[in-house]
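This report concerns only the one structure given below.
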Amino acid sequence: MATEQRLSARRKHTLKSCMLMVANNLLETEATAKAQERETFLAEACPPVDVPYSRDELLELCKKLHEQIGVSEEERYSAEFKLNLVLNEVRDLNIKIMDLRGKFKRPRLKKVRMSADAMLKALLGSKHTVNMDLRANLKQVKKEVKEEDKQLRDVGDWRKNIEDKSDRKKMFDS
């Protein structure tokens with residue numbers, strides 16, 4: 001850390017400007033090379049046309065151009081098809097990589113309130129006729145009523161009960 005020296009702001013600025021100039025020159029030479037390559041390709045693929053004056057020569061020229069157009073369209077179609085195949089393969093491989101990593105985005109699911117009937121109808125389609133009435137499937141148990149419970153229920157109003165107890169209190173007082 002001590003051996004490394006920091007660059008001054010002026011030095012950084014000059015280095016950055018030099019790098020930008022070199023990069024700009026490289027881009028310009030690359031652009032001229034592409035333009036020249038395109039011109040040579042067009043010169044080979046599309047030679048200059050000498051337009052004849054007779055009808056037969058014009059028809060022959062049209063047929064020849066039509067055939068060239070067909071060949072170029074076939075090449076374009078095959079190139080697009082190969083490109084689509086490669087792109088699909090890349091996409092599939094990316095999906096496999098994500099699956100192997102185990103880090104894939106899980107979509108946020110909405111909370112849906114749905115009854116059991118609606119859920120079965122969604123899963124099985126409109127042919128679903130089974131009714132999920134869970135209470136109908138339960139066993140019914142008859143409850144035995146004990147005598148003590150009957151007496152507790154028959155006690156009735158609590159005010160009467162208090163009045164009865166107050167009578168007992170009077171008995172002890174007298």
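- Of the N and O atoms on the side chains of S54 and E57, at least one donor lies less than 3.5 Å from an acceptor on the other residue.
- Residue I97 shares its hydrophobic cluster (ILVMFWY side chains chained together at separations under 4.5 Å) with no other residue.
- Considering only heavy atoms from C-beta on, L42 comes within 4.5 Å of R38 through its side chain.
- L15 shares a hydrophobic cluster with L7; the chain of contacts runs through ILVMFWY side chains whose heavy atoms sit under 4.5 Å apart.
- Checked against side chain to side chain contact (heavy atoms under 4.5 Å, CB included), L59 has the following partners two or more places apart in sequence or in another chain: R55.
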Hey, can you pull the donor-acceptor pairs under 3.5 Å for the side chains in residues 19-30, sequence neighbours left out?
residue: N25; atom: ND2; partner: M21; partner atom: O; Å: 3.4
residue: T29; atom: OG1; partner: N25; partner atom: O; Å: 3.3
residue: T29; atom: OG1; partner: L26; partner atom: O; Å: 2.8

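- Residues satisfying the side chain to side chain contact (heavy atoms under 4.5 Å, CB included) criterion with S8, sequence neighbours excluded, are R10, R11.
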Under 3.5 Å, side-chain donor or acceptor atoms of residues 63-77 against the rest of the protein: list the pairs with distances, not counting sequence neighbours.
residue: S72; atom: OG; partner: Q68; partner atom: O; Å: 3.3
residue: S72; atom: OG; partner: I69; partner atom: O; Å: 2.8
residue: E73; atom: OE1; partner: R76; partner atom: NE; Å: 3.4
residue: E73; atom: OE1; partner: R76; partner atom: NH2; Å: 2.7
residue: R76; atom: NH1; partner: E80; partner atom: OE2; Å: 2.8

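- Counting Ile, Leu, Val, Met, Phe, Trp and Tyr side chains that sit under 4.5 Å apart, directly or through other members, L87 shares a hydrophobic cluster with L83.
- For V86, the side chain to side chain contact (heavy atoms under 4.5 Å, CB included) criterion is met by V90, not counting sequence neighbours.
- For D92, there are no side chain to side chain contact (heavy atoms under 4.5 Å, CB included) partners at least two apart in sequence or on another chain.
- Listed by chain and number, the residues in a side chain to side chain donor-acceptor pair (under 3.5 Å) with N88 are R91 (sequence neighbours excluded).
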